[in-house]
Amino acid sequence: MTDAGINFHFDVDGEDFSSAGAASVEVKKNLRQLGFPPDVIRKVAIAMYEGEINMVIHANGGTADVFVLPDEITMVLRDQGPGIADVSLAMQEGFSTARDNIRSLGFGAGMGLPNMKKYTDAMEIETELGKGTKIVMRVKI
Amino acid sequence: MDRNLKIRKIRELLDAELLCGEDQLDREVYSACSSDMMSDVLAFVKDQAVLLTGLVNPQVMRTAEMMDMHCVVFVRGKNPTPEMVELAQSSGIVVMHSALRMYEACGTLYSAGLNGTKVAAE
Ligand SMILES: Nc1ncnc2c1ncn2[C@@H]1O[C@H](COP(=O)(O)OP(=O)(O)OP(=O)(O)O)[C@@H](O)[C@H]1O
Ligand SMILES: [Mg+2]
């Protein structure tokens with residue numbers, strides 16, 4: 001691994017729910033190949049998966065970038081969805097605007113954002129109504 | 001009594017049909033969980049190696065992969081698509097389906113000693 005690190009970029013399709021989560025699976029496989037410890041991989045994988053699913057079900061897709069350095073992994077998720085009206089409310093366990101059609105897919109319990117925070121060492125949300133959302137998450141190794 | 005079970009035994013107990021992962025049947029597992037909500041699996045599951053679910057979509061396989069699970073059991077005779085089985089295969093996850101309902105399937109495994117919380121003893 002060089003000092004410049006290894007980066008991954010994904011376009012997350014908002015039209016096709018069946019592919020939601022594919023980028024996270026890919027990242028997990030890559031991190032395993034790079035030999036990161038299982039607990040680090042698990043944290044990155046769960047946080048990114050929750051974020052990726054959110055982009056598909058709440059924001060009609062977006063992009064995911066993962067920057068891998070020897071001592072830190074950074075995930076950047078960007079979308080041009082509706083934005084989050086009240087971030088501190090959205091961060092509460094159990095808060096969800098998901099409808100029944102999302103619940104029937106197995107999501108929409110309002111646990112994703114709190115879970116992303118729990119599994120990462122730092123998480124920042126930038127969001128603007130009608131413009132989109134950018135979430136940056138870091139996991140230390 | 002807590003016990004570890006071979007995946008082979010789980011298949012037997014649930015009278016389940018194996019859809020992939022033949023080579024993993026001798027793997028031992030220590031705990032299981034059940035849910036139709038992947039949100040809850042991601043938020044509350046710790047080290048359970050077996051997921052029982054009635055939900056059928058690719059996110060079941062991806063969620064299991066994210067949680068490092070070894071086996072997914074579809075209950076109520078639910079049938080995953082070939083695409084889902086392929087996903088599981090590429091992650092080394094055993095997939096089976098059983099005609100049992102969720103309550104019966106969970107009860108059967110619990111009675112056989114498969115705990116809901118115990119993690120693998122090193
Ligand atoms: N990328 C996003 N764009 C717009 N709104 C979002 C985005 N991510 C989350 N939200 C909003 O924040 C709420 C809470 O998100 P969170 O991930 O915690 O729960 P959920 O996605 O509704 O359910 P779960 O994650 O448990 O399946 C969502 O219901 C949605 O209103
Ligand atoms: Mg979510």
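Numbered from 1 within each chain, the chains take letters A, B, ... in sequence-line order.
- Under a hydrophobic clustering in which Ile, Leu, Val, Met, Phe, Trp and Tyr are joined whenever their side-chain heavy atoms come within less than 4.5 Å, directly or via other members, L113(A) and V76(A) fall into different clusters.
- In the hydrophobic clustering of ILVMFWY residues, with side-chain heavy atoms under 4.5 Å counting as a link, L51(B) and M111(A) come out apart.
- Atom CD of Q80(A) is surrounded by 12 or fewer heavy atoms from other residues, nucleotides or ligands within 6.0 Å.
- More than 12 non-hydrogen atoms from other residues, nucleotides or ligands lie less than 6.0 angstrom from CZ of R32(A).
- Scanning residues 128-141 of chain A against chain B with a 4.5 Å non-hydrogen threshold yields no residues.
- I53(A) and F95(A) are not part of a single hydrophobic cluster, where members link through side-chain heavy atoms under 4.5 Å apart.
- Listed options T53(B), T63(B), D40(B) were ranked by heavy-atom pairs under 4.5 angstrom with chain A; first place goes to T63(B).
- Using a 4.5 Å cut-off between heavy atoms, M67(B) contacts chain A through both its backbone and its side chain.
- Linking ILVMFWY residues whenever their side-chain heavy atoms come closer than 4.5 Å, directly or via other members, leaves Y30(B) and F44(B) in distinct clusters.
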(request) Kindly indicate, with the supporting measurements, whether the criterion side-chain contact (heavy atoms from CB on, under 4.5 Å) is fulfilled by K29(A) and S91(B). (result) CA-CA 9 Å; K29(A) 288 189 171 145; S91(B) 299; 3.7 Å; yes
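- Within 6.0 Å of the CD atom in E104(B), the count of heavy atoms belonging to other residues, nucleotides or ligands exceeds 12.
- Pairing each heavy atom of M37(B) with each of R103(A), the nearest pair is SD-O, 3.9 Å.
- For S104(A), the part lying under 4.5 angstrom from a heavy atom of chain B is the backbone only.
- V40(A) and L31(A) end up in the same hydrophobic cluster when Ile, Leu, Val, Met, Phe, Trp and Tyr side chains are linked at under 4.5 Å.
- Between chain B and the residues G21(A), P114(A), S19(A), the largest count of heavy-atom pairs under 4.5 Å involves S19(A).
- Of the possible donor and acceptor atoms, one in the side chain of R62(B) sits under 3.5 Å from a partner among the backbone N and O of A20(A).
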(message) Apply side-chain contact (heavy atoms from CB on, under 4.5 Å) to residues Q59(B) and L105(A) and explain how you reach the verdict.
(response) CA-CA 8 Å; Q59(B) 281 66 36; L105(A) 296 170; over 6 Å; no
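- Scanning residues 44-51 of chain A against chain B with a 4.5 Å heavy-atom cutoff picks out A45(A), I46(A), Y49(A), E50(A), ordered by number.
- If you tally non-hydrogen atom pairs under 4.5 Å between each of D36(B), L87(B), D68(B) and chain A, the highest count goes to D68(B).
- Between atom CZ of residue R42(A) and atom CE of residue M66(B) there is a gap of 11.0 Å, rounded to the nearest 0.5 Å.
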(request) List the steps and the verdict of side-chain contact (heavy atoms from CB on, under 4.5 Å) for L42(B) and F107(A). (result) CA-CA 10 Å; L42(B) 287 159; F107(A) 293 91; 4.0 Å; yes
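- Closest heavy-atom contact between K28(A) and E65(B): NZ-O, 2.8 Å.
- Nearest heavy-atom pair across G108(A) and S39(B) is N-OG, 3.2 Å.
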